[in-house]
Amino acid sequence: MFEAFFRPRSVAVVGASPHPGKLGFDIMNNMVKYGYQGKIYPVNPTAHTILGKFVVNSLDKLPDDVDLAVLVLPGKVVPQTVRDLAPHGVKACVVISSGFKEVGGEGTLLEQELVKAAKETGIRIIGPNCIGIMDTAVGLNASFAGSMPNKGYIGFFSQSGAMCLAILDWSLDNAIGFSKFISLGNKADVTEIEILEFLAEDKETRVIMGYLESVTDGQRFMEVARKITRIKPVILVKSGITSAGARAASSHTGALAGADAAYEAAFKQCGILRAHSVRELFALAQSLARQPLPKGAALAVVTNSGGPGIIAADAAELGGMHMAGLQPETVDELRSFLPPIAALYNPVDMTGTATPALYERALSVVAQDPNVDGVAVLMTPAASLNSKELAEHICKVKVDKPIFSVMMGRHSVEAGRIHCMENGMPSFDFPEDAVQAMRGMLTYRQWRESKPAAVAQVKGDKAAVMEIVAKLRKQKRLNMSENEARKCFEAYGVSTVRSLPAATSEEAAAAAEKMGFPVVMKIDSPSISHKSDVGGVKVGLANRVQVIEAFHQMTTQVRKLMPQAWLRGVLVQEMVTGGRETIVGLSRDPQFGHVIMFGLGGIYVEVLKDVAFRVVPITPNDAEEMIRSIRSFALLRGVRGDPPADVAALAQTLVNLNALVMDVPELAEADINPLLVLPRGRGVVAVDARISLSRPKGE
Ligand code: ADP
Ligand code: MG
């Protein structure tokens, strides 16, 4: 079907115009200008010829060899036009017209009408509200962009038309080439998922690059992306990072799980490289398109000045890479031809007098060192150094490792930069960009080489959980009490703290005696979600008297603060010592479905925000990675004489939670905060648990 879009036998431009300045003219102009070999039929009720092409005055006169129609008409007539095109064998439409969903109200209805027309006729639609599409291999430019991209290996799609235009313009000055260039517009019919599938198959595309504002179907997107990234790298910029968070949430996990957390997780889980800026997007795309993947994280730097060399070294350490230790043989060889004042260890600083020939020789020696996985060649402008000549020399060095050039400055290094880019060597303004690119390439290699993992099967007691869910539904409650939530977790193998309910101070004292001192007392009420906030938690109660006193104090205070709350009494709990406080939780993302969270827990979790997310289902590998990825992981590994914590039991808990929500998808949010992680071999204990259900359908 995409053949019809990108390799059409003939193209009709419906709404073509003979008047410069109109979109219908610009599109015609692009169609004729860049070498497209098929026939072009402008469609316009009155004109005779446009740019030398005979005009078709009404759709019923359209010949039957048209595969693709580009529509630049008032939005209102677009659905009917699609229907009128069907009898002529048109298979694909690019709808440039706007006035659809992006304007809301009637536009939304019009877009539904368009989708209906597509369904009825079988015609596939890109857009509406888009710039158009381009295929550099056949010179097809079915768009109103001001230019045509260079030929190249990057397949690009974008949800934002403005972004398309800016990126195209920028790429021209930077010798960056594209295979396909696709503006998706409103994605009424063809979505990013099909475009990804198409670009994955496309022979001219080596790297897929995209700019996304939203995904249409998160789970399906992940399923497809996971396969494609095994074939080709996919790099995406996802905008709208800060828009999240505003949503009201009753759990910690819900409060921390902004929409971006789900995207970040989803991308990671399916091997998509996420670029955080357009600059990073390009740094990665050109490197992946033109350079071999690095085998490891060891970077070597060859430079003509000290400062930038140090910046590169710092960037490497900060960016998850390291500076390669050169072999003695390499150092000896460098010594044999570099000036005596040169620094021979990495960074190799040849000093300001370095010539292009010297660069070439040093680069080829360093690049061949087996300890080196990739090289950044740095130059700062020097009177004696012509950037173009330098570029010619360094581009001659060919090894099976990535080489990046970093030509600092602008004016005097421009020619060199362009020469590098034209010859397949990525060239950057700053050393940090090279480091970032190499890091991304390494991440991609590691993903490609990782075995696809399976979701672990956990046999939980689903019936027990369903019984509690049924009880809540009957009582028209969404929130479980701590006790109920704890039972659900226990049903899926999460060990929880021993806990006894007590309705009176006498019962509390008896429970404490049974349990053994010291104990913890907590208010027991489904309507209170953060117990400490209302004085509803007392730890370290050491004897009967303290327990009785705590009971009276706690119930009185909570009554006073929350007169409406339904108090069932208190819970008396065993006091757990020697554990580290973590949080494990669950929430629902509108695009991707359930996400699982792990982080450093306790009452400050929302302040510290040291958490990691993954989209359900998670594999045991995902669980391990989540745990290792938080900033305070060192605390779990054991610092200052603390024994290492039971990370295996922690990972198992995440896997168990995954199983629980897969079995019972009506769970909306959950927190185990804290989940106390005991020293290795002793497991984990949930001491606080909350679960809430999703609203019943139709409410
Ligand atoms: P909430 O989060 O609703 O305020 P928690 O049950 O999480 O109430 O208790 C607050 C804090 O008290 C926990 O973060 C933990 O530090 C401590 N705590 C609670 N229960 C226990 C327990 N059984 N053993 C040890 N410490 C506990
Ligand atoms: Mg808590």
Side-chain angles (χ1 to χ4, degrees), residues 287 290-292 294-317 321-409 412-413 415-431 434-435 437-438:
S287 305
R290 307 294 297 271
Q291 293 284 313
K295 294 196 175 57
L299 174 74
V301 172
V302 176
T303 175
N304 66 345
S305 58
I310 294 167
I311 293 178
D314 284 349
E317 299 298 331
M321 311 276 296
H322 63 262
M323 294 296 279
L326 300 180
Q327 289 199 335
E329 295 81 1
T330 307
V331 175
D332 287 344
E333 197 171 342
L334 289 170
R335 187 178 291 117
S336 73
F337 63 87
L338 287 179
I341 53 164
L344 302 175
Y345 299 89
N346 191 14
V348 176
D349 179 2
M350 302 177 293
T351 74
T353 56
T355 59
L358 211 57
Y359 259 103
E360 183 185 334
R361 197 161 168 202
L363 170 59
S364 94
V365 169
V366 168
Q368 275 164 41
D369 187 315
N371 290 353
V372 171
D373 297 316
V375 190
V377 186
L378 268 52
M379 80 155 290
T380 42
S384 59
L385 200 57
N386 175 300
S387 75
K388 174 94 186 296
E389 202 186 322
L390 171 63
E392 283 162 5
H393 273 88
I394 58 178
C395 284
K396 276 193 245 159
V397 179
K398 300 272 182 257
V399 280
D400 190 26
K401 297 173 186 178
I403 300 178
F404 311 90
S405 93
V406 179
M407 301 205 168
M408 298 182 72
S412 70
V413 300
R417 241 157 45 79
I418 298 293
H419 182 91
C420 286
M421 308 269 268
E422 283 174 352
N423 288 278
M425 183 183 290
S427 186
F428 305 112
D429 294 349
F430 299 104
V435 170
M438 185 164 155

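Residue numbers run from 1 in the order of the sequence given.
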Pairwise distance CD(E389) to CD1(I394) - rounded to 0.5 angstrom: 12.0 Å

V413 vs L390, side-chain contact (heavy atoms from CB on, under 4.5 Å): CA-CA, chis, key distance, verdict: CA-CA 10 Å; V413 300; L390 171 63; over 6 Å; no

For the student: nearest non-hydrogen atoms of A367 and V399, plus distance: CB-CG2, 3.8 Å

Taking every non-hydrogen atom, the tightest pair across D400 and P292: OD1-CB, 3.5 Å

Non-hydrogen side-chain atoms of V406 and S427 separated by less than 4.5 Å: no

Within 6.0 angstrom of Y345 OH, more than 12 heavy atoms from elsewhere: no

Contact check, side chains of D373 and M438, non-hydrogen atoms, under 4.5 Å: yes

Gap between atom OH of Y359 and atom OG of S364 - 0.5 Å precision: 15.0 Å

Pairing of E392 and K388 as salt bridge, 4.0 angstrom limit: yes

Rounded distance [0.5 Å steps], CE in M407 versus NE2 in H419: 9.0 Å

Whether K401 side chain and K398 backbone form a donor-acceptor pair below 3.5 Å: no

Name each donor-acceptor pair under 3.5 Å that joins a side chain in residues 295-303 to protein atoms two or more places apart or in another chain, with its distance.
from: T303; atom 1: OG1; to: S305; atom 2: N; distance (Å): 3.0
from: T303; atom 1: OG1; to: S305; atom 2: O; distance (Å): 2.9

M425 CE to C395 SG distance, which is reported to the nearest 0.5 Å: 4.5 Å

Donor-acceptor pair, side chain of D429 and main chain of M408, under 3.5 angstrom: no

Contact summary for P339 and T351, nearest pair of heavy atoms: CG-OG1, 4.3 Å

Main-chain N/O of I403 paired with Q291 side-chain donor or acceptor, under 3.5 Å: yes

Least distance between heavy atoms, R290 atom then M421 atom: NH1-O, 3.8 Å

Side chain to side chain contact (heavy atoms under 4.5 Å, CB included) partners for D332, two or more places apart: R335

Test side-chain hydrogen bond (donor to acceptor under 3.5 Å, both in side chains) applied to N304 and T380, T355, D349, the passing residue: T380

Close side-chain approach of P356 to L385, heavy-atom, < 4.5 Å: yes

Nearest heavy-atom neighbours spanning N371 and Q327: ND2-CG, 3.5 Å

Check: V365 and F337 side chains under 4.5 Å, non-hydrogen atoms: yes

Any side-chain heavy-atom pair of F428 and C420 under 4.5 Å: no

Atom pair CZ (R417) and OG (S412), whose distance is rounded to the nearest 0.5 Å: 11.0 Å

Gap between atom CG of L344 and atom CG of L326 - 0.5 Å precision: 9.0 Å

Nearest heavy-atom neighbours spanning A357 and H393: CA-CD2, 3.9 Å

